[in-house]
Each structure stands twice: as C-alpha cells, then as structure tokens.
Participant: 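Quick one: the structure is below, questions incoming.
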Amino acid sequence: MPVQRRGIVKTAEGSSIEKKIKRGNALRQGSGWKKPIVGTVAVSLFIIAGGLGWLYVSQDEFVTEVFVRQDEFLDGTKFVQVPCSEDYENFKRFKGCTPQRCGRAVTDAVISREEAGRMLRLAESGLALGGSDGGASILDLHSGALSMGKQFVNIYRYFPDEVKDIFSEEDFELYRSLRQRIQEEIARTFGLDASRLYLTKPTFFSRMNNTDAKTIHDEYWHPHIDKVTYGSFDYTSLLYLSDYGVDFGGGRFVFMDGSHNRTVEPRAGRVSFFSSGSENLHRVEKVSWGTRFAITVSFTCDPTHAISDPTLT
C-alpha cells in the first residue's frame, strides 16, 4: 500500500489555505496543545464532524457568501466544480471512481421533507437513549455507537430491548433507500458508475446544540478535511433533518475557499455532497440556539473499506 502522505491543493487559493493552517498549527504548538490519542472507531466518530481541532485557522479573515439559502428550493442539483487536490494521488486509485472532477453540490430533489421527518424521529428516539454531556452527540446505526456522557456505548448491546421498541424494519428500509438515492446522485453528478462507490465508515446521525463542550469530541466547529482525517473517504454527503433559522441558529455548513467562506444553510431533506479532499476544506458553525440534526453518509472507491447497510437482525 502506498505511503499516505497528506497534501493541500496547490493552487493560489490552496496556498492561502495552507498558510493559514500552518500559522494556526504553529500557534497551537506554541501554546502546548496536544493532539489527543484516538484508539477506537467509536471515539473517533466525531472527528469527521468537528475535526478535533487539528486544523486551526482564523475565522475573522474570511468573507462569507451564501451558497444555498434555507428558504430556496433546489428542484435540481446546484454544482460548482473546483480543482482537485493532490490528496488522491497519495492513495490507491480506482478507475472510474477516484475523483478527477472535484467540487461540491446541493439538491433538494432527492429526499422529501416527509422522509427527512421520518429520519428525524428515528434520530430523536435513538439519541434519547443517551447523548453527550456536551453539545454534540452521534448515533451510528452501522457500528451501534451512541454518545453517552463523555464516551460511547454500543446501542445494540446496552439497549437491545429498547432498540426493538423504537426502531422498525421499515425505518431501516427507508434509511437504506435514502443512502442508495444519495449514492446514485453523487455518481450522476460526478460522472461515476454508482456500483463503484461503496458506503464507508463513519456514517452516522448527529445532534448539535449550544451546550458547552465537555470534551474535545464536542468541538464540532473546527475546520477539517475529510480525506486527511479518514483516508478512505472519496465523497462525503450530509442529509439535513432540520431547518436553519427555524429549528436552530448558527450551525451552517461552511466551505472555506481561500479568503471566502461559502455557506450551505440546512433545510430538512436537503442533501449536500462533495469530493472529500483538500479542495473542500470545511467546518460547521457553532449552533447558537435550538437543535441541529443531520446524517453524514460517506463513500469510498476502495472496496476493502466498504461497510454494509445496517439491519435490525
């Protein structure tokens, strides 16, 4: 397997991002900050949501533009192509799948608000069995990982009876259907064969509110790069289950492009997806009020990193 070197996109904008990251890292190192040791899949699940603060850049230097507003409905897919980073060169390439056309997209036409509402009820029920002491909680139906206080438990082992009461096979069938539709839309938008894409971990529900962070895992707002954090990631998607400005404030998804931020305002049923490399450095704003629900669904081109859809049996 090739050495997994980490790179930042070599463009004018990429150089600007790299300088900010290096400057932030130097400040972090000077302050004695230490990167935590992450020893299990469960503990590392929220790296993708928050990056654990591995990449620190000044937010004050950025101009913010809205990429998609909450109150607009996209009956198609809004796609913006950006130059691919070198990240993908550091991993085994898969013909017909590894990103060669990179970018980010948003659509409201793949998942209905009613379907998102059903997933929201599933998320609320599952997360009600536990939840983080801080402002960020996760529920992974694949591994069973559920936030519980300052750690994680396996929902299928700790709550076997409750799981059967609150989840149904119909819920899991809908979950699988939504995943498949998202996968097909990613393939269509990026010009891929959908059968060459594989679901990968972590894929999970998230619940975010304005409770003060109790551990580093609650700090979901730091900038990060999915391909750097998880080498298996090639395409990342988010299905939003609640509405920005209605159910919560703050919590917008932010693409960080050089001197500009470009935000996606969550809307129930909205799907945002993008190639996972340094070309799509991003973060989530801190939630200022209310509760933000979403599902992160991640895909790989490498079949050795594939995971199966969750089942109740």
Side-chain angles (χ1 to χ4, degrees), residues 48-49 64-82 84 97 99-120 122-123 173-200 203-206 226-227 233-248 251-257 260-277 279-285 292-301 309:
I48 189 61
T64 298
E65 300 175 353
V66 177
F67 183 48
V68 183
R69 300 189 314 274
Q70 185 277 332
D71 61 359
E72 63 179 309
F73 177 80
L74 297 177
D75 57 2
T77 297
K78 183 175 184 179
F79 176 77
V80 173
Q81 186 169 350
V82 297
C84 292
C97 184
Q100 293 183 306
R101 178 177 183 248
C102 296
R104 73 280 304 245
V106 181
T107 181
D108 297 317
V110 174
I111 311 298
S112 72
R113 288 178 68 85
E114 188 275 332
E115 291 170 325
R118 287 179 59 185
M119 287 295 97
L120 174 60
L122 188 154
E173 287 177 1
L174 177 59
Y175 180 92
R176 293 189 289 269
S177 172
L178 302 188
R179 185 276 304 163
Q180 181 65 37
R181 277 183 262 162
I182 292 170
Q183 181 172 336
E184 291 171 354
E185 184 61 21
I186 290 174
R188 188 195 66 78
T189 301
F190 285 97
L192 312 172
D193 180 347
S195 67
R196 295 178 180 269
L197 276 177
Y198 303 92
L199 190 68
T200 194
T203 288
F204 57 93
F205 291 88
S206 61
D226 293 352
K227 189 68 177 174
F233 277 36
D234 290 299
Y235 302 91
T236 308
S237 71
L238 295 106
L239 167 58
Y240 298 109
L241 307 180
S242 50
D243 291 311
Y244 167 75
V246 177
D247 301 307
F248 63 91
R252 295 182 298 177
F253 188 93
V254 184
F255 291 107
M256 303 175 71
D257 296 325
H260 285 73
N261 283 338
R262 293 177 173 88
T263 65
V264 176
E265 297 179 353
R267 171 189 173 95
R270 172 165 290 168
V271 178
S272 173
F273 56 93
F274 49 93
S275 51
S276 302
E279 67 276 3
N280 281 314
L281 173 70
H282 60 275
R283 67 185 182 92
V284 174
E285 293 177 328
R292 177 192 191 270
F293 285 90
I295 310 176
T296 296
V297 186
S298 45
F299 295 94
T300 183
C301 297
D309 286 315

Participant: Among E65, H282, R283, find the residue that satisfies the side-chain contact (heavy atoms from CB on, under 4.5 Å) test when tested with N261.
Facilitator: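 In the set E65, H282, R283, the residue that makes a side-chain contact (heavy atoms from CB on, under 4.5 Å) with N261 is R283.
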Participant: Do the non-hydrogen side-chain atoms of Y240 and E265 ever get within less than 4.5 Å of each other?
Facilitator: no
Participant: If you look at every heavy atom in V297 and L199, which pair is closest and at what distance?
Facilitator: CG1-CD1, 3.6 Å
Participant: Not counting sequence neighbours, which residues clear ring-ring contact (aromatic ring centres under 6.0 Å, His included) with F190? List them please.
Facilitator: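 Partners of F190 by the ring-ring contact (aromatic ring centres under 6.0 Å, His included) criterion, ordered by chain and then number, come out as F79, Y235.
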Participant: Nearest 0.5 Å, please: how far is CD1 in I111 from CD1 in I295?
Facilitator: 8.5 Å
Participant: Taking only residues two or more places apart in sequence or in another chain, which ones pass side chain to side chain donor-acceptor pair (under 3.5 Å) with R181?
Facilitator: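 Counting only residues at least two positions away or on another chain, R181 forms a side chain to side chain donor-acceptor pair (under 3.5 Å) with E115, S177.
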Participant: What are the two closest heavy atoms between E279 and D257, and how far apart are they?
Facilitator: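 Taking every non-hydrogen atom into account, O-OD1, 4.2 Å.
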Participant: Nearest 0.5 Å, what's the CG-OG distance between D234 and S275?
Facilitator: 9.5 Å
Participant: Stepwise, does the side-chain contact (heavy atoms from CB on, under 4.5 Å) test hold for L122 with M119?
Facilitator: CA-CA 5 Å; L122 188 154; M119 287 295 97; 4.1 Å; yes
Participant: What heavy-atom pair brings T189 and A105 nearest, and what distance separates the two atoms?
Facilitator: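 Scanning both residues, the minimum pair turns out to be CG2-CB, 4.3 Å.
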Participant: Which residues pass the side chain to side chain donor-acceptor pair (under 3.5 Å) test with Q180, sequence neighbours left out?
Facilitator: E184
Participant: Applying side-chain contact (heavy atoms from CB on, under 4.5 Å), name anything that partners R188, two or more places apart in sequence or on another chain.
Facilitator: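 side-chain contact (heavy atoms from CB on, under 4.5 Å) check on R188 returns T77, E185.
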Participant: Hey, is the main chain of Q70 close enough, under 3.5 Å, to the side chain of R267 for a donor-acceptor pair?
Facilitator: yes
Participant: With a 4.5 Å heavy-atom cut-off, do V106 and F67 have their side chains touching?
Facilitator: yes
Participant: Using the salt bridge (Lys or Arg N to Asp or Glu O under 4.0 Å) criterion, which residues pair with D71? Sequence neighbours excluded.
Facilitator: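 By the salt bridge (Lys or Arg N to Asp or Glu O under 4.0 Å) rule, D71 matches R69.
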Participant: Do NZ/NE/NH1/NH2 and the carboxylate oxygens of D247 and R292 come within less than 4.0 Å?
Facilitator: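 No salt bridge links D247 with R292.
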Participant: Please name the pair of heavy atoms, one in G103 and one in N280, separated by the smallest distance, quoted to 0.1 Å.
Facilitator: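 That closest heavy-atom pairing would be O-ND2, 3.1 Å.
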Participant: Would you please test F273 and Q183 for side-chain contact (heavy atoms from CB on, under 4.5 Å) and show each step?
Facilitator: CA-CA 10 Å; F273 56 93; Q183 181 172 336; over 6 Å; no
Participant: Tell me every residue that passes side-chain contact (heavy atoms from CB on, under 4.5 Å) with D193, counting only those two or more places apart in sequence or in another chain.
Facilitator: S195, R196
Participant: Please report the interatomic distance CG(L239) to CZ(F293), rounded to the nearest 0.5 Å.
Facilitator: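 L239 atom CG to F293 atom CZ measures 13.0 Å (nearest 0.5 Å).
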Participant: Sequence neighbours left out, what passes ring-ring contact (aromatic ring centres under 6.0 Å, His included) with Y244? Give chain and number order.
Facilitator: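 ring-ring contact (aromatic ring centres under 6.0 Å, His included) check on Y244 returns nothing, list empty.
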Participant: Judged by modelled atom types alone, do S298 and T236 share a side-chain donor-acceptor pair under 3.5 Å?
Facilitator: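 No, no side-chain donor-acceptor contact under 3.5 Å.
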Participant: Looking at L241 and A116, what are the two nearest heavy atoms and their distance?
Facilitator: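 Looking at all heavy atoms of both residues, the closest pair is CD2-O, 3.7 Å.
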Participant: Could you tell me which residues satisfy side-chain contact (heavy atoms from CB on, under 4.5 Å) with R118, sequence neighbours excluded, listed by chain and number?
Facilitator: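 R118: side-chain contact (heavy atoms from CB on, under 4.5 Å) contacts with E114, R121, E170, D171, L174.
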Participant: Sequence neighbours left out, what passes side-chain contact (heavy atoms from CB on, under 4.5 Å) with V246? Give chain and number order.
Facilitator: D243
Participant: For F255, what residues pass the ring-ring contact (aromatic ring centres under 6.0 Å, His included) criterion, not counting sequence neighbours?
Facilitator: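 Per chain and number, F255 pairs via ring-ring contact (aromatic ring centres under 6.0 Å, His included) with F253, F274.
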Participant: List the steps and the verdict of side-chain contact (heavy atoms from CB on, under 4.5 Å) for R270 and V68.
Facilitator: CA-CA 10 Å; R270 172 165 290 168; V68 183; 3.4 Å; yes
Participant: Quick one: closest heavy-atom pair of S237 and I186, and the distance?
Facilitator: CB-CD1, 4.1 Å
Participant: List the residues meeting side chain to side chain donor-acceptor pair (under 3.5 Å) with R252, not counting sequence neighbours, and say none if there are none.
Facilitator: E285
Participant: Got a sec, which residues hit side chain to side chain donor-acceptor pair (under 3.5 Å) with T107, two or more places apart in sequence or on another chain?
Facilitator: none
Participant: Using only atom types and a distance under 3.5 Å, with no angle test, would you say the side chain of D108 pairs donor to acceptor with the backbone of L74?
Facilitator: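 Flag set: sc D108 to bb L74 pair under 3.5 Å.
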